[in-house]
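To keep things clear, I will list the structure first and then write my remarks on it.
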Number of protein chains: 2
Amino acid sequence: MNRSAGGITIGQAAAFAGVTIKTVRHYHKLGLVEEPERDSSGYRRYGSDDLLRLVQVRTLAAAGVQLADIGTLLDADAERFAAALSDVEQRLTDRIDDLVARRDTLHRLSDDRALLPDRACAVLDRMPGLGFDPDYVAGQREALVLFRALVPEGFDSFVTQLEHRLDDPEFVDLTQRSWDALSWEPDDPRIAELASALADNLLAKPELLAMPAEFRSQPDTAARYGMVNTHGQEEWPTSARLTALVEDKLRAAGVPVPRQ
Amino acid sequence: MNRSAGGITIGQAAAFAGVTIKTVRHYHKLGLVEEPERDSSGYRRYGSDDLLRLVQVRTLAAAGVQLADIGTLLDADAERFAAALSDVEQRLTDRIDDLVARRDTLHRLSDDRALLPDRACAVLDRMPGLGFDPDYVAGQREALVLFRALVPEGFDSFVTQLEHRLDDPEFVDLTQRSWDALSWEPDDPRIAELASALADNLLAKPELLAMPAEFRSQPDTAARYGMVNTHGQEEWPTSARLTALVEDKLRAAGVPVPRQ
DNA sequence: CGTCCACCTTGACCTCAGGTCAAGGTCAAG
DNA sequence: CTTGACCTTGACCTGAGGTCAAGGTGGACG
């Protein structure tokens, strides 16, 4: 009877304010908008004041203000209101910058799924042309991803090291022979030879040995080094043996190599 | 005993990957990263493969990919991977645009807490200089907010109408007398006079009466009109009477005024 | 040997801004 | 009288983890 006198229903109010019914009730539950009077059927009837408040709340919420903050905000004086707004605005700006950074990361990802920056991808791209086995390249890709996670601050010099190594035909040759060595027996005498040649090659280029010193200054060095170094070696005992021999020779020559 | 052999602990793995322990376990629960072997104490021991996977997941998650999608994504072939990535990138771009729009809204809010666009603020700012009572201006501000929520498509012409009204000294004078009238008795004879003058003034400017025709084409016209019109009048019977008289006169002159 | 501290384990519940479902009451039109 | 659109409440669900509780484990110190 008294149906249309008191005001509009929740559905109309929600539609006018551009929110859902559930959202309006949510605001009631949080105390952001007072519950209006009910009509004889128990329906909420909204007047212009309620609508005004609803619009204010919705506008702030749409701007990204936390619902928990809106109540105090709307009931505060103009000065605190302005201060809080600029605070929220700053947080929004930060979030935008964050999202832009994420998008850029993603954009790099879509060029190559290896989760690596351009320079590292370039190094990997050179490898097949130099005669490296595709599986070896894939392994190096994984090692780079791992290294980047474990030693982000040393990543650039690690890539630089790789670049220099690829410029040295002897090293390229030795590396490819090491890859072939995986199929040898662990006690094959050629392994010791290969280890000697590798160690000599490394010792001839002191700048390549500088990097370990750099990342030795960080904590957890042994764990990180071991992680990168043993990656992919678990099921290849020959590789583990080769690595151990090279490390021994380097240590014998006075180069500090962390033990894992 | 076997403590340090199997790999690193969850805390170290989490630190290396740049996430929390809880996050790593969350990934396990979702099946994104396989649970590694446990040591004799029941601790999870992570190897390089686990770490690699963890870093891949974290990188995608940090780029905003839903965790639920990451599993299929990482196990998919390169083609679908690339397609999905560009999809995610598009969504990120949309979100950024959305946030920028929010920030701009907020920026306008911080200039004036009235939740109104610049043009409407300018109109309100003119009012005190023309001699309007600050309380009246506040009421107009509320009416504008309400109008914008209820009739967004008619808001611009509503503001235009207000601008024209403020340019007419006679209308300004009549409006201010209407404000004073709030303190009169509802049966004060001056009210009828005032209503006549107001109606005559309105009828002399046909362009001001065009707006109601425009927003009469929308549904719920009566409810919206009534909402805006009766806002703030509940506790002022004199105002209601004045409005009713003016509406009667307009209707008598052939102008269609919706009845609420 | 005891004790402390840092780390690990599981499980249950909390967050935010609502969405979804269920079960039923109310109103206007055909 | 039925249909369909609207309203009511309440309980549970979402995503991506965070927080708390209660207890096990390992290493260092005295």
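A note on names: the letters A, B, ... follow the listed sequences, proteins ahead of strands, and every chain is numbered from 1. Because the structure is a prediction, the values reported are computed rather than measured.
The structure places CD1 of B/Ile96 at 11.0 Å from CZ of B/Arg103, a figure rounded to the nearest 0.5 Å.
Here C/dC27 presents its P atom at 15 Å from CD of A/Gln12, a figure rounded to the nearest Å. Whole-Å rounding puts the B/Leu54 CG to D/dG17 P distance at 11 Å. Residue B/Asp39 contributes atom CG, which lies 17 Å from atom P of D/dG24 at whole-angstrom precision.
Taking side-chain N and O atoms only, A/Gln66 has no distance below 4.0 Å to OP1 or OP2 of C/dC16. The phosphate of D/dC6 (OP1 or OP2) has no side-chain N or O of A/Thr9 nearer than 4.0 angstrom. For B/Ser41 and D/dG24, the shortest distance from a side-chain N or O to OP1 or OP2 is not below 4.0 Å. A close approach under 4.0 Å does not occur between any side-chain nitrogen or oxygen of A/Thr20 and OP1 or OP2 of C/dG18. Taking side-chain N and O atoms only, B/Arg44 has no distance below 4.0 Å to OP1 or OP2 of C/dC8.
In this structure A/Thr20 satisfies the side-chain hydrogen bond (donor to acceptor under 3.5 Å, both in side chains) test together with A/Thr23, sequence neighbours excluded. With sequence neighbours excluded, the residues forming a side-chain contact (heavy atoms from CB on, under 4.5 Å) with B/Ala61 are B/Tyr27, B/Leu67, B/Ile70, listed by chain and number. Shown here are the side-chain contact (heavy atoms from CB on, under 4.5 Å) partners of B/Gln90, two or more places apart in sequence or in another chain: B/Thr93, B/Asp94. Every residue was checked against the ring pair (Phe, Tyr, Trp, His ring centres under 6.0 Å) condition with A/His26, not counting sequence neighbours, and none meets it. With sequence neighbours excluded, the residues satisfying salt bridge (charged side-chain N to carboxylate O under 4.0 Å, His left out) with A/Arg119 are A/Asp156, A/Glu163. For A/Val88, the side-chain contact (heavy atoms from CB on, under 4.5 Å) criterion is met by A/Val65, A/Arg91, B/Leu106, not counting sequence neighbours.
Side-chain atoms of B/Arg38 lie closest to C/dT9 of the nucleotides C/dT9, D/dG17, D/dC7.
Base pairing in DNA chain C gives the following stems of 3 or more Watson-Crick or G-U pairs, range against range and under 3.5 Å: C:1-30 with D:1-30.
Using a 4.5 Å heavy-atom cutoff, the side chains of B/Asp77 and B/Arg80 are in contact.
The stretch residues 13-36 of chain B participates, sequence neighbours left out, in these salt bridge (Lys or Arg N to Asp or Glu O under 4.0 Å) pairs: B/Glu35-B/Arg38, B/Glu35-B/Arg44.
Across residues 21-29 of chain A, A/Lys22, A/Thr23, A/His26, A/Tyr27 each have a non-hydrogen atom less than 4.0 Å from an atom of DNA chain C (numbered order).
Heavy atoms of A/Ile10 sit under 4.0 angstrom from primed sugar atoms or phosphate atoms, though from no base atom.
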